Amino acid sequence: MEQPDAAAATEAIESLSVSHAETAESSNSNDELSLEQRFQIIRSIGEECIQDEELRNLLAKKPEPICYDGFEPSGRMHIAQGVMKAINVNKLTASGCRVKIWIADWFAKLNNKMGGDLKKIETVGRYLIEIWKAVGMDLEGGKVEFLWSSKEINARADEYWPLVLDIAQKNNLKRIIRCSQIMGRSETEELTAAQIFYPCMQCADIFFLKADICQLGMDQRKVNVLAREYCDDIKRKNKPIILSHHMLPGLQEGQEKMSKSDPLSSIFMEDEEAEVNLKIKKAFCPPKVVEKNPCLEYVKYLILPWFNEFKVERSAANGGDKTFKNFEELAADYESGELHPADLKSALSKSLNKILEPVRVHFKTDKDAKELLKRVKAYRVTK
């Protein structure tokens, strides 16, 4: 049986769905959430947390922990970056956290994104912020801060660069190369000197931003662990907590991650309704197979957290309409064959289009946003 605290935490998580954000009662504010509720809401973000007990202690001692997330402006935004980040940020702010979103423009240059052109990188960064505003990220309470790495580092260079150098000095080259995954690179790739320096800088960001929690994807885990190891080196007791969210796969078979260079591998945040329908129609979705099924993962990590339910509309001959309230129920129906891939895909497309419609409207009606999108679409994606 679900315990009272756990039940209350579940209710609090469900009340945070973006679709219900405008009608949420004030009773869901951080002031009235228990420590256990706050912990459960924040913990629900992570596929992994290092460490759970440290997170509990942090929440007990600090009313407004600082969470750090960062991104390279590197092209059009796919739905995992757009929707998942909005969901996660809203959970963090509702639980009392302050979120610093690091717009890593210098890092994008180091990693040769947009051909290393800082003007293009800045344009992409502004476009990404417009999407989060349009999709429903809660930016009204002042708890979310967008920080451009170039401006912040230049303003406090005397604090930042000694930290980077100390991290570099305390780690050998082999350890730094192990972090190359954070840039979308493999350890066997021939890296530029700039890309060798990149992990030292990202590790420094965590301390520079005074982050209590690193809330990034599982692909950033290695550099976050490097930050905890650095704490051991400098005898620092309070280590940054790592809260790593799940990485959504690409829509095609065998794609572990979405790819901006493969249009069919992901849904982009301003895709038209017909484009969304086509991509989902062509997506890998084997009958009765739940494991590594991208369509089911979309429902689990995007649709259910957003709407708190997943509606499937079918004819009576095919089983009639059904609303799923949790993923376990959905997975059971799909694995048994009760839910056909075509019905799953149709319902998924409808739900995705409901989420994306405000974004599409924003980029069609806002003059500045429309111009940003036009420029970003014209840019060539570089690996």
Side-chain angles (χ1 to χ4, degrees), residues 14 17-19 44-45 47 76-88 131 135-136 217-219 245-315 317-357 359-360:
E14 289 178 349
S17 70
V18 182
S19 64
S44 71
I45 293 169
E47 185 168 89
R76 294 175 66 194
M77 183 185 283
H78 56 60
I79 201 164
Q81 189 180 21
V83 175
M84 280 186 72
K85 194 181 293 288
I87 291 169
N88 292 343
I131 285 184
V135 80
M218 286 294 293
D219 61 337
H245 63 252
H246 178 74
M247 300 296 293
L248 276 181
L251 288 172
Q252 301 303 305
E253 184 176 4
Q255 293 181 329
E256 292 185 3
K257 283 180 64 176
M258 295 181 181
S259 170
K260 291 179 181 179
S261 59
D262 179 3
L264 287 178
S265 82
S266 63
I267 307 293
F268 292 111
M269 290 297 291
E270 353 73 28
D271 274 349
E272 294 294 344
E273 183 176 348
E275 292 176 293
V276 173
N277 294 342
L278 178 63
K279 290 180 180 182
I280 296 300
K281 183 179 180 180
K282 291 188 173 183
F284 179 64
C285 190
K288 300 183 181 182
V289 177
V290 173
E291 194 73 19
K292 296 185 178 179
N293 185 322
C295 291
L296 286 172
E297 290 218 15
Y298 266 47
V299 177
K300 181 178 182 179
Y301 292 101
L302 300 176
I303 307 306
L304 284 169
W306 194 275
F307 296 109
N308 284 332
E309 62 184 23
F310 178 54
K311 294 181 179 180
V312 175
E313 296 176 351
R314 301 176 292 193
S315 66
N318 289 329
D321 296 351
K322 185 166 183 178
T323 299
F324 298 92
K325 293 292 187 179
N326 58 67
F327 183 74
E328 291 72 24
E329 183 185 1
L330 172 65
D333 265 26
Y334 192 79
E335 196 166 28
S336 70
E338 286 293 317
L339 178 59
H340 191 274
D343 294 322
L344 170 67
K345 287 184 172 187
S346 176
L348 175 57
S349 294
K350 287 180 181 178
S351 295
L352 289 173
N353 278 311
K354 284 181 183 178
I355 295 173
L356 297 180
E357 185 57 22
V359 179
R360 290 192 283 249

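Remember, it's a predicted structure, so these values are computed and weren't measured experimentally.
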Is there a side-chain contact between I87 and Y301, using heavy atoms and a 4.5 Å cut-off?
no
Derivation and outcome, side-chain contact (heavy atoms from CB on, under 4.5 Å), residues K300 and H246
CA-CA 11 Å; K300 181 178 182 179; H246 178 74; over 6 Å; no
Could you go through the side-chain contact (heavy atoms from CB on, under 4.5 Å) check for I280 and L251 one step at a time?
CA-CA 8 Å; I280 296 300; L251 288 172; 4.3 Å; yes
Among pairs that include at least one residue of residues 330-344, which meet side-chain hydrogen bond (donor to acceptor under 3.5 Å, both in side chains), considering only residues two or more places apart or in two chains?
K322-D333
Look up atom NZ in K85 and atom CD1 in I45, then write down how far apart they are to the nearest 0.5 Å.
11.0 Å
Report the residues that fulfil side-chain contact (heavy atoms from CB on, under 4.5 Å) with K311, sequence neighbours left out, ordered by chain and then residue number.
E309, T323
Take L348 and V299 through the side-chain contact (heavy atoms from CB on, under 4.5 Å) test and state the conclusion after the steps.
CA-CA 7 Å; L348 175 57; V299 177; 4.0 Å; yes
Does F268 offer a backbone N or O that forms a donor-acceptor pair with the side chain of D271 under 3.5 Å?
yes
Separation of H245 NE2 from M84 CE (nearest 0.5 Å):
5.0 Å
Spacing of CZ belonging to F310 relative to CG belonging to L296, to within rounding of 0.5 Å:
8.5 Å
Under a 4.5 Å cut-off applied to non-hydrogen side-chain atoms, are L344 and V312 in contact?
no
For Q255, all residues meeting side-chain contact (heavy atoms from CB on, under 4.5 Å), sequence neighbours excluded:
Q252, D262, S265
Distance in Å, N293 CG paired with E253 CD, rounded so as to fall on 0.5 Å steps:
10.5 Å
Run the side-chain contact (heavy atoms from CB on, under 4.5 Å) test on W306 and V135 for me, step by step, so that the C-alpha distance in whole Å, both residues' side-chain angles and the decisive distance to 0.1 Å come before the verdict.
CA-CA 11 Å; W306 194 275; V135 80; 3.8 Å; yes
Name the atoms and distances for all side-chain donor-acceptor pairs under 3.5 Å in residues 349-356, with sequence neighbours left out.
residue : atom : partner : partner atom : Å
S349    : OG   : K345    : O            : 3.1
K350    : NZ   : E313    : OE1          : 2.9
S351    : OG   : A347    : O            : 3.2
N353    : OD1  : R360    : NH1          : 3.1
N353    : OD1  : R360    : NH2          : 3.1
N353    : ND2  : N277    : OD1          : 3.1
N353    : ND2  : S349    : O            : 3.0

Closest approach of M247 to G217 (non-hydrogen atoms, all atoms of both residues):
SD-CA, 3.8 Å
What pairs with P287 under side-chain contact (heavy atoms from CB on, under 4.5 Å), at least two apart in sequence or on another chain?
P341
If you measure from CE on M269 to CD1 on I131, what distance do you get to the nearest 0.5 Å?
5.5 Å
If the test is side chain to side chain contact (heavy atoms under 4.5 Å, CB included), which one of I79, L302, V83 qualifies with I267?
I79
Which residues share a side-chain contact (heavy atoms from CB on, under 4.5 Å) with E256, sequence neighbours left out:
none
